Structures are given as structure tokens and as C-alpha cells.
Amino acid sequence: MLGADVDLVVGDITKASTLSPDYFKGVKKVINAVSVIVGPKEGDTPDRAKYSQGIKFFEPEIKGDSPEMVEYIGMQNLIKALGPSVGVKSGKLVFGFEDGSSRDLPWGALDDVVMGGVSQSSFQIDPKGSENGGPTGLFKGIVSTANNGGFTSIRTKNFDVAENLSAYDGLELRLKGDGRRYKLIVRTSRDWDTVGYTVGFDTVKDQWQSVQLPFSSLRPIFRAKTVADAQPFDPSQIISLQLMFSKFEYDGKLNPTFVEGPFELPVSSIRAYMAEPITPRFVHVGSAGVTRPERPGLDLSKQPPAVRLNKELGSILTFKLKGEDLIRESGIPYTIIRPCALTEEPAGADLIFEQGDNITGKISREEVAKICVAALESPYACDKTFEVKCVLPFSEQYTVDPENPPPEKDYNSYFMSLKDGITGKEALEKTVAAV
């Protein structure tokens, strides 16, 4: 059905051992349509007549694993497995001190003395040198062109395990500039004397600044010369980092800001970042009604069967909501789509997007699939939770005339109407506060 160019991997989200991170290598975007299975207690007919009618017309039960295992524990397993590939919106700290967290790296000096020069540098932690009075790294030294020298640098030891930053678009340095131009060098090989993927960056004198260096700007350099046939940079295999202040750029060019003498470059952090505009990395298909089972004042006779039978069905909606919360708390850029009752009708009917978890109705599975794909590319869908249905009542069947198909929808116009932070849990929280 999917074609020969699609890789199929079998896994079970309730069993973490079947979700190897290798399955997600190179995967930056995920659509999750996994759900606990609900079916008729008495079984269905060969032509699936009961399934087509929906659980409004038969007594349902959970088939297979429980809602807790699928919707909650399964979501925990899935987020853990795919997290390194899709990344988090705030980025990943590679080195430094930020918001109470820290990560150290084993830096060491690598200066022009290896070529007979006399420059010297060091790296140390200044416990009160950051912009907020906290700790910061400090790259400092004295650079000289004597004996044909002219560079200083600090380089990390090779990481025991390669740093996988494939989910991100570049490295961001938070530093206090001195008006000079420096280089960042990233290596993907454990060999000592090898190609370094290099980019130069300018600093502003006496000013804390954030410098973003896209991976796409890295140039393969070996001994100050571009390597035309080098392998493309692989952000999933970062082995070491190097900061350099040098008289030389590369390919015979000189650093226009170079001056001999002492220098200091405080670097409080190096982190991987996602480039703006950030679009969803994880699109989850949930269910309308997940916040309603405990909501006071609801007329249950007007609610979908799953709301009325939540406890009888293993607290299905309760655990779906807990699974949603795991996504929202993960930091992964997400979209949570809560369709109303799913039908086999074709896509194309006009839609209603709502927030707050109040609507009932129906929507085509094909339409939900189209919304999922559109959400992956839309910054307006990022970190939004919403319900969706079509405008037609259950009593009216939607059909498409092949000779006159409906126009393609601009889903962005729907996403743009959505607001941050609305999940439907607000009604529950107000109730708790009132009590």
C-alpha cells in the first residue's frame, strides 16, 4: 500500500525493548496514530457491520493491551525512543551553564607551539564571570606571530560516545565578545589530525551576545585548506569541538581582526538549536472528549459513548489525556489533533476547528491524515492542541463527485486561528480551585 520506497519497522510501544533508537535515526518528524483498540464484546460480522456503525450501537470492550499500557506507558516509551532524533524546542546543552543546569567538557590547549610558535592559551572556569554573576568558561591566552606562529586554540578530548545533534540546525554560543573574529571547529572523526568542519564568527567588543552557527555554514578544512571532496558534515557523529583565535582564515585568507597580544573570550554555553520558524516534530492523533469524564455539569446523554463509558473502558480517555500531557511536558515541538468520531467518508467537507474540548460530531479519517501532514510543515500548528470535526451531522453522508472534486484546503488558515495553552483542562482546574 505504501510503496517500495517506504521502510517498514515492526515495534510495540508497550514494550520499550522493541523501540530501538536506531529505528528513528535520520527521522526528524513523527506522526503517531497509535491507539488502544476498542471493539464489540460479542465480536463483529465478517463485513465489519458493527465497526462501521460505531460503538454507539454495540456494547464495547478493550481488545488487547489496556489504555494505561498503550496511551500512557506506551507514550513514555515512544517519547524516550524518538526524543534524540526529533529534539526539543529549547535545544540541547552541549557545554556550559544555563538556568541551573550545567555540562562540562574536557578542554585542553592546542596552540601554535605544535608548529614551533610561542603562543599560549588555556581554558578555565570563572565562577563569577557570567553575565548574571554565575560561572562561565574562559578561553584566554597570548597570541604571537613569532617563529611563523599565529594561533591559539582549545580543543576537547574525543567524546566517549558521539554527540548526536541531528535533530538540530546548528550550534549557538553565548559569549562576551572582544571585537575579534574566532573559529569554531567540529570534528566527526576520532583521528587526531583530520578534517575539521569550520566556521568563523565575529564578536562585539565588551558585549554578551548569542552567536548562531548553522551546520550548513560549516566548511571542511584540513591544515587551513578547504577539502573539496570531504564527506558531508554528519551532525549525528560529533566527536570533538575546538575554539580558535588565529591570524589565518583558510585558503590563504587572513583574519581581518587579528592582533598580537593577550585576549579573553568568556563562553558561558554552547547549545544546539532549532532554527526559526520551528514546526512540529511530533504530531499526535488523540481524541475529542479526553477532558470530559470528570467535568461537572455535563449532560452525558449528549456526550460520545467513550465519555459515558470511560471507567468501563479502562479509563480510556483519562489515560489518553495523561499521554497528551507527556507530549506537552517533553519539550518536543508538537501538534495534538483531537478528532471527533472517525468515519470512512472521503475528505473534502468543510471543517470546524475548536479548542477547549467541547464539540461533538464526525470527521473523515482521510481528512485527519491530511491535517497531520499539513501540521508538520506549519509553524502555526506548533505546540497547539485542538479538536476538529466536519460541518455535516451524522445523519448526512458526505460524498465526492469525481468530476467536480472539492478544492484543496488551506489548513494554515485553520492553524492560524488556534491559541497557545488551551487544552480543555482549564474547566477541570477551575472546578478544583472552586472546591
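Everything numeric in this text was worked out from a predicted model, so none of it was measured. The first residue of the sequence shown is numbered 1, and numbering continues consecutively from there.
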Mark yes or no for whether [X], through its side chain, and [Y], through its backbone, hold a donor-acceptor pair below 3.5 Å.
X	Y	value
Asn255	Glu249	no
Thr335	Ala381	yes
Asp65	Val36	no
Asn158	Arg190	yes
Glu387	Ile359	no
Glu426	Thr423	yes
Asn310	Ile316	yes

Residue pair Tyr182, Phe258: steps toward the ring-ring contact (aromatic ring centres under 6.0 Å, His included) verdict: CA-CA 9 Å; Tyr182 292 82; Phe258 179 80; over 10 Å; no
Is it true that [X] and [Y] make a salt bridge, defined as a side-chain N closer than 4.0 Å to a carboxylate O?
X	Y	value
Glu354	Lys389	no
Lys322	Glu71	no
Glu131	Arg174	yes
Arg103	Glu163	yes
Arg328	Glu324	yes
Asp193	Arg223	yes

Verdict with reasoning, Ile363 to Thr343, per side-chain contact (heavy atoms from CB on, under 4.5 Å): CA-CA 6 Å; Ile363 186 170; Thr343 74; over 6 Å; no
Answer yes or no: is there a side-chain heavy-atom contact under 4.5 Å between [X] and [Y]?
X	Y	value
Ile154	Leu110	no
Ser287	Leu317	yes
Glu98	Arg271	yes
Pro67	Ile62	yes
Ile337	Phe386	yes

Return the [atom1] to [atom2] distance between [X] and [Y], rounded to the nearest 0.5 Å.
X	Y	atom1	atom2	answer
Gln355	Asp420	CD	CG	8.5 Å
Lys419	Thr385	NZ	OG1	14.5 Å
Gln209	Asp206	CD	CG	11.0 Å
Lys384	Ser417	NZ	OG	9.5 Å
Leu171	Ile270	CG	CD1	7.0 Å
Asp383	Ile336	CG	CD1	9.0 Å

Verdict with supporting geometry, Ile327 and Ile332, side-chain contact (heavy atoms from CB on, under 4.5 Å): CA-CA 7 Å; Ile327 299 171; Ile332 297 170; 5.8 Å; no
Distance-only side-chain donor-acceptor flag, Ser364 / Lys370, under 3.5 Å: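 No.
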Between Ser236 and Asn164: side-chain donor-acceptor atoms closer than 3.5 Å: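 Note: Ser236 and Asn164 side chains miss the donor-acceptor criterion.
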State, to 0.1 Å, how close [X] and [Y] come at their nearest heavy-atom pair, and which atoms those are.
X	Y	result
Arg219	Asp251	NH1-OD2, 4.1 Å
Lys25	Gln237	NZ-NE2, 4.4 Å
Thr279	Pro379	CG2-N, 3.7 Å
Leu213	Tyr273	C-OH, 3.8 Å
Lys362	Gln397	NZ-CA, 4.2 Å
Leu165	Ala272	CD2-CB, 3.9 Å

Verdict with supporting geometry, Gln242 and Ser153, side-chain hydrogen bond (donor to acceptor under 3.5 Å, both in side chains): CA-CA 7 Å; Gln242 185 175 358; Ser153 76; 2.9 Å; yes
Taking atom [atom1] of [X] as the centre, report whether more than 12 heavy atoms of other residues, nucleotides or ligands fall under 6.0 Å from it.
X	atom1	value
Ile37	CD1	no
Asn148	CG	no
Asp7	CG	no
Gln231	CD	no
Lys157	NZ	no

Residues Asp357, Lys425; criterion salt bridge (Lys or Arg N to Asp or Glu O under 4.0 Å); working and verdict: CA-CA 8 Å; Asp357 193 19; Lys425 292 172 64 176; over 6 Å; no
Steps toward side-chain contact (heavy atoms from CB on, under 4.5 Å) verdict (Leu184, Thr198): CA-CA 6 Å; Leu184 174 70; Thr198 306; over 6 Å; no
Row check, Trp192 ring normal vs Arg155 NZ/CZ: under 6.0 Å, within 45°: yes
Test applied, salt bridge (charged side-chain N to carboxylate O under 4.0 Å, His left out); reference residue, Asp178; option that passes from Arg180, Lys176, Arg181: Arg180
side-chain hydrogen bond (donor to acceptor under 3.5 Å, both in side chains) between Ser119 and Asp112, worked out: CA-CA 6 Å; Ser119 301; Asp112 59 20; 2.7 Å; yes
Intermediate values then yes/no, side-chain hydrogen bond (donor to acceptor under 3.5 Å, both in side chains), Glu367 and Tyr411: CA-CA 11 Å; Glu367 192 79 67; Tyr411 294 103; 2.5 Å; yes
Parallel, tilted or perpendicular, as decided by the 30° and 60° cut-offs, for the rings of Phe215 and Phe233: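 Rings of Phe233 and Phe215: tilted, as their planes differ by 30° to 60°.
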Listed once per pair and sorted, the ring-ring contact (aromatic ring centres under 6.0 Å, His included) pairs that draw on residues 133-181, sequence neighbours left out: Phe139-Phe263
Verdict with reasoning, Gln120 to Thr152, per side-chain hydrogen bond (donor to acceptor under 3.5 Å, both in side chains): CA-CA 6 Å; Gln120 55 184 303; Thr152 63; over 6 Å; no
Audit row: Trp107, Leu241, side-chain contact (heavy atoms from CB on, under 4.5 Å) steps and yes/no: CA-CA 9 Å; Trp107 299 93; Leu241 301 176; 4.1 Å; yes
Ring centroid separation Phe245 to Phe201 under 6.0 Å: no
